[in-house]
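What you see below is based on every heavy atom in this structure, not just the backbone, and it leaves out hydrogens, waters and symmetry mates.
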Amino acid sequence: MKYFFCKNNVSLATADGVEARKSLAEREGFDIRKLTCGEQVHSANVVVVDAPLVGRGALDLESRIPECDALVTNIKGVCLMMLTADCVPILLYDKEREVVASIHAGWKGTAAKIAIKTVDTMKERFGCKAMDIEAFIGPSICGQCFEVGDEVVAAIGEQYISGMSKNGKALLDLKFANTMQLIEAGLELDWIRVSGECTYHDGLFSWRRDKTIRRIGSGIYL
């Protein structure tokens, strides 16, 4: 298994996106023809990538797997990648069953427990056991920067609020929320690795700060 959190822009919404992805594939060692991406819509939809879906969304937006924010596969060489610019990228690996998953968890996906649903899909489709799954949580907006309104607090739960901002708004810790959901799904805390980087204050691509269309790419493959 190999995984990466690419801090260079790999969004196909920009003119350099295709070449950036080709360079990423060469650098990380995967076949660009097997790069697979979904149409991220802030859902809790999980798709298992079988042979007919391999390569969807690799170099064009039109072929993306529609309306999904998590991908799972056991096919060797297939790189599952999610794009983020504040939302939480989560990569999963079952070392016993040889299954990988890539998740895009914004506040809506987190509220809908997409991380738990992805683990459940791994269990149901491939016989995975939560105790065998490693998780890698990548750079995203941190709990000191993510101001949210009352509707988000109501959807997520007050237990994931890390404090109040100077503007009097609640501060949501998405990394903590998803870490706790993975533990709820049965993962061991020692197998969950969390990046300390914040997209907002560490100068990475941030929708909240810049309204950017550029994106970090988070991928994993067998």
Kindly indicate whether the side chain of [X], heavy atoms from C-beta on, has any atom under 4.5 Å from the side chain of [Y].
{"X": "Asn74", "Y": "Glu98", "value": "no"}
{"X": "Lys7", "Y": "Glu197", "value": "yes"}
{"X": "Leu182", "Y": "Val119", "value": "yes"}
{"X": "Leu174", "Y": "Leu172", "value": "yes"}

Could you work out, with ring pair (Phe, Tyr, Trp, His ring centres under 6.0 Å) as the rule, every residue matching Tyr93, not counting sequence neighbours? none
Please tabulate, for side-chain N and O atoms in residues 134-154, each donor-acceptor pair with protein atoms closer than 3.5 Å (sequence neighbours left out).
from   : atom 1 : to     : atom 2 : distance (Å)
Glu134 : OE1    : Arg193 : NH1    : 3.2
Glu147 : OE2    : Ser165 : OG     : 2.8
Glu147 : OE2    : Asn167 : ND2    : 3.0

Between [atom1] of [X] and [atom2] of [Y], what distance do you get to the nearest 0.5 Å?
{"X": "Leu222", "Y": "Tyr3", "atom1": "CG", "atom2": "OH", "answer": "14.5 Å"}
{"X": "Ile114", "Y": "Asn45", "atom1": "CD1", "atom2": "CG", "answer": "7.5 Å"}
{"X": "His42", "Y": "Gln40", "atom1": "NE2", "atom2": "CD", "answer": "8.0 Å"}
{"X": "Asp86", "Y": "Ile216", "atom1": "CG", "atom2": "CD1", "answer": "8.5 Å"}

Taking atom NZ of Lys2 as the centre, report whether more than 12 heavy atoms of other residues, nucleotides or ligands fall under 6.0 Å from it. yes
Flag for Thr14-Asp16: side-chain donor and acceptor within less than 3.5 Å: yes
With clusters built from Ile, Leu, Val, Met, Phe, Trp and Tyr whose side-chain heavy atoms come within less than 4.5 Å, directly or transitively, what are the remaining members of the cluster of Leu83, listed by chain and number?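 When side chains under 4.5 Å apart are linked, the cluster holding Leu83 also contains Phe4, Val10, Leu12, Val18, Leu24, Phe30, Ile32, Leu35, Leu59, Leu61, Met81, Tyr221.
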Ile220-Trp191 co-clustered via ILVMFWY side chain contacts under 4.5 Å: no
So, for Ala112 and Ala44, which heavy atoms are closest and what is the spacing to 0.1 Å? CB-CB, 3.5 Å
Do side-chain atoms of Asp132 reach the backbone of Asp94 as a donor and acceptor pair under 3.5 angstrom?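 Checking the backbone N and O of Asp94 against the side chain of Asp132, no donor-acceptor pair under 3.5 Å is found.
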